[in-house]
Amino acid sequence: MRVISGKYKGKKLLGYDIEGTRPTQDRVKESLFAMIQSDLMDATVLDLFAGSGNLGIEALSNGANQAYFVDYNSKCIEALNYNLKSISVSATGVLQLDYKKALNYFREYNLCFDIIFLDPPYTLECLDGLLQKINEYGLLKADGLIVCEYEFAQFQENYLGLELEKEKTYGYKHIRIYRKVSL
């Protein structure tokens with residue numbers, strides 16, 4: 001696993017083999033970042049199910065200003081911290097928390113994000129509820145993006161204040177990108 005573009009291009013990342021994770025494949029990551037490239041410059045991003053930090057690090061490599069990484073697995077946090085140190089990234093926050101507690105933490109401290117990556121374990125079907133909570137807690141800035149990566153998920157037709165902007169399929173993997181719109 002490696003950073004595929006930007007200032008850290010080619011840097012190897014540890015953590016592709018941690019049990020319970022499934023890092024985003026390079027071709028999917030390349031396509032995904034091409035879709036959101038214009039939104040990355042100076043962005044504050046949240047990688048909610050970070051694993052090794054693959055998506056958040058790619059965002060930092062491509063112009064994001066700051067990234068927050070959340071994962072519950074201590075092996076993921078260890079690999080993530082190693083990856084951040086190996087590429088000398090300091091504009092980050094790393095939290096070892098359950099995703100529900102992390103959302104409450106961000107709400108409590110009034111943190112908002114330009115881009116939120118949601119790539120939960122496929123056995124955890126929580127995307128619908130996450131989209132609702134992110135909206136309810138006001139965690140997404142105006143015109144911000146939520147990027148959902150999933151195999152199977154059920155979504156509502158509409159989410160108040162979110163508009164489905166793009167949807168792509170790569171074999172068994174699907175990407176949905178929502179944009180926060182003014183009501």
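Remember, predicted model here, so these are calculated numbers, not experimental data.
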[X] and [Y]: side-chain donor and acceptor closer than 3.5 Å?
X: N62; Y: S5; value: yes
X: Q132; Y: D128; value: yes
X: R107; Y: Y105; value: no

Set out, in order, the CA-CA distance, both residues' side-chain angles and the distance that settles salt bridge (charged side-chain N to carboxylate O under 4.0 Å, His left out) for K180 and D143, then state yes or no. CA-CA 5 Å; K180 184 170 183 172; D143 204 38; over 6 Å; no
Please test T92 against Y68 for side chain to side chain contact (heavy atoms under 4.5 Å, CB included), starting from the C-alpha separation and ending with a verdict. CA-CA 5 Å; T92 62; Y68 289 82; over 6 Å; no
Whether F155 and Y159 hold their rings parallel, tilted or perpendicular, with breakpoints at 30° and 60°: perpendicular
Could you tell me if R27 sits above the aromatic ring of Y170, with its cationic atom closer than 6.0 Å to the ring centre and no more than 45 degrees from the axis? no
Are [X] and [Y] linked, directly or through other ILVMFWY residues, by side chains that come within less than 4.5 angstrom of each other?
X: M35; Y: M41; result: no
X: I175; Y: L130; result: no
X: Y137; Y: Y178; result: yes
X: L32; Y: L131; result: no
X: V3; Y: L40; result: no

To check you understand the geometry: which heavy-atom pair defines the closest contact between [X] and [Y], and what is its length?
X: S52; Y: I57; result: O-CD1, 4.0 Å
X: G51; Y: D71; result: N-OD2, 2.7 Å
X: L118; Y: I134; result: CD1-CD1, 4.0 Å
X: A67; Y: G56; result: CB-O, 4.4 Å
X: H174; Y: E151; result: CD2-O, 3.2 Å
X: L139; Y: L103; result: CD1-CD2, 3.6 Å

What pairs with E136 under side chain to side chain contact (heavy atoms under 4.5 Å, CB included), at least two apart in sequence or on another chain? K133
Sorted by first residue and then second, give each ring pair (Phe, Tyr, Trp, His ring centres under 6.0 Å) pair with at least one member in residues 30-65; sequence neighbours left out. F33-F117, F49-Y99
Tell me if the NZ atom of K11 is crowded by more than 12 foreign heavy atoms within 6.0 Å. no
For the CD atom on Q96, are there more than 12 heavy atoms of other groups (residues, nucleotides or ligands in this structure) within a distance under 6.0 Å? yes
Under 3.5 Å, is there a donor-acceptor pair between the side chain of D114 and the main chain of T44? yes
For S61 and K7, indicate whether the former's side chain and the latter's backbone hold a donor-acceptor pair under 3.5 Å. yes
Hey, what do you get for [atom1] ([X]) to [atom2] ([Y]), rounding to the nearest 0.5 Å?
X: Q66; Y: L46; atom1: CD; atom2: CG; result: 11.0 Å
X: I115; Y: D47; atom1: CD1; atom2: CG; result: 11.0 Å
X: R2; Y: D26; atom1: CZ; atom2: CG; result: 4.5 Å
X: L140; Y: L145; atom1: CG; atom2: CG; result: 7.5 Å

Trace of the salt bridge (charged side-chain N to carboxylate O under 4.0 Å, His left out) decision for E149 with K173: CA-CA 7 Å; E149 187 175 329; K173 191 168 289 224; 2.7 Å; yes
Audit row: R179, E163, salt bridge (charged side-chain N to carboxylate O under 4.0 Å, His left out) steps and yes/no: CA-CA 5 Å; R179 184 173 298 278; E163 182 178 278; over 6 Å; no
